[in-house]
Amino acid sequence: NSRSDPTNGGDTYLAWQIGTGRWLELNGYYLPTDDILGDLHHIATSVVAGEKPIALPLRLSGLPQAAAPLHVSLDRPARDGSGPWEVNVEMTVGGGTIMFSVAPAAGGKSWESAGLRGPCKDDNGLVGCALAAGPLPPSLTTGNPADLLDDLTLLGPHETLWTTQVINP
């Protein structure tokens, strides 16, 4: 972990459990410092746990009521350095997992070029992709993975267009 290795050989994580039993996690990457873990500890001292709506550039609708967010990330810059930001939403649905990824279309890197397989669409200056794994409810298993993109609305690259109402049953 040094300035000569800005990605720290990968990512550096700091996780801790709070009084409610929930876990918080900080992820450091591309940090230009020699004391990455020390910086994460310093940042952790100012973290306030709670719920705060965060506007994102997508809306998901038409998913089953049982669909539940598992992991949501807004990375600035994109984790692979290909663009100014990217959003990943991973959801559990009926024992399976669905993942949506959204990034600016200009300069963004598609999942296919990253070695992943999944249908993508371009709309409103964004590219959105979907992947599914495991057993999914019959309502989501039409045989065509691209049908998951019907549940994804891309709002646009400018934050003024983003919404905090991301998941709409």
Side-chain angles (χ1 to χ4, degrees), residues 6-8 10-33 35-94 96-109 111 114 118 120-121 123-133 140 148-169:
T7 61
N8 317 312
D11 294 326
T12 301
Y13 290 89
L14 175 65
W16 68 101
Q17 193 170 26
I18 60 174
T20 62
R22 292 175 53 193
W23 285 86
L24 303 182
E25 178 181 274
L26 287 175
N27 171 220
Y29 63 102
Y30 294 108
L31 296 175
T33 179
D35 186 15
I36 294 156
L37 198 52
D39 286 352
L40 290 179
H41 277 280
H42 176 74
I43 293 166
T45 62
S46 63
V47 169
V48 176
E51 294 185 20
K52 179 181 178 187
I54 303 293
L56 297 175
L58 69 144
R59 182 175 297 117
L60 297 170
S61 57
L63 296 175
Q65 289 270 342
L70 180 63
H71 178 83
V72 178
S73 66
L74 169 59
D75 295 305
R76 296 179 194 241
R79 293 178 72 79
D80 64 4
S82 64
W85 56 264
E86 72 177 336
V87 173
N88 292 290
V89 177
E90 187 174 353
M91 302 188 72
T92 58
V93 184
T97 303
I98 298 173
M99 189 162 113
F100 296 94
S101 181
V102 175
K109 184 174 179 180
W111 280 11
C120 298
K121 71 178 182 180
D123 196 18
N124 293 326
L126 299 176
V127 61
C129 302
L131 287 174
L140 292 177
L148 289 172
L149 295 176
D150 292 340
D151 298 323
L152 174 64
T153 302
L154 303 172
L155 302 176
H158 304 290
E159 292 184 32
T160 57
L161 302 171
W162 296 9
T163 183
T164 58
Q165 300 297 314
V166 175
I167 301 171
N168 298 310

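Given the structure is predicted, the values throughout are model-derived calculations rather than measurements.
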J.: Determine the minimum heavy-atom distance between L161 and G156, stating which atoms define it.
T.: CD1-CA, 4.0 Å
J.: State the OG-CD distance between S73 and E86, to the nearest 0.5 angstrom.
T.: 6.5 Å
J.: A side-chain contact here means heavy atoms from C-beta on lying under 4.5 Å apart; do V72 and I54 qualify?
T.: no
J.: For a 4.5 angstrom cut-off between non-hydrogen side-chain atoms, does D75 reach N88?
T.: yes
J.: Applying side chain to side chain contact (heavy atoms under 4.5 Å, CB included) to H42 and D35, what does each step give before you reach the verdict?
T.: CA-CA 11 Å; H42 176 74; D35 186 15; over 6 Å; no
J.: Quick one: closest heavy-atom pair of P104 and V127, and the distance?
T.: O-CG1, 4.2 Å
J.: Would you check if V102 and L152 make a side-chain contact, meaning some heavy-atom pair closer than 4.5 Å?
T.: yes
J.: Test side chain to side chain contact (heavy atoms under 4.5 Å, CB included) on L155 and R59 and set out the steps.
T.: CA-CA 7 Å; L155 302 176; R59 182 175 297 117; 3.9 Å; yes
J.: Determine the minimum heavy-atom distance between W162 and W85, stating which atoms define it.
T.: CZ2-CZ2, 3.6 Å
J.: How many angstroms lie between NZ in K121 and OG1 in T153, if you round to the nearest 0.5 Å?
T.: 6.0 Å
J.: When rounded to the nearest 0.5 angstrom, what distance separates SG in C120 from CG in L131?
T.: 8.0 Å
J.: Hey, is the main chain of L154 close enough, under 3.5 Å, to the side chain of D123 for a donor-acceptor pair?
T.: no
J.: Which pair of non-hydrogen atoms, one from A55 and one from T164, has the smallest distance, and what is that distance?
T.: N-CG2, 3.7 Å
J.: Evaluate side chain to side chain contact (heavy atoms under 4.5 Å, CB included) for L148 paired with I98, printing each intermediate quantity in order.
T.: CA-CA 9 Å; L148 289 172; I98 298 173; 4.0 Å; yes
J.: For L26 and I43, work out which heavy atoms get closest and say how close.
T.: CD1-CG2, 3.8 Å
J.: Would you say the side chain of N27 lies within less than 4.5 Å of the side chain of T12, judging by non-hydrogen atoms?
T.: no
J.: Side chains of L58 and V87: closer than 4.5 Å at any heavy-atom pair?
T.: yes
J.: Kindly compute the distance separating CG (L14) from CD1 (I36), expressed to the nearest 0.5 Å.
T.: 12.5 Å
J.: Check I167 against P69 and note the closest heavy-atom contact, atom names and distance.
T.: CD1-CG, 3.6 Å
J.: Working to the nearest 0.5 angstrom, can you tell me the gap between L74 CG and L56 CG?
T.: 6.0 Å
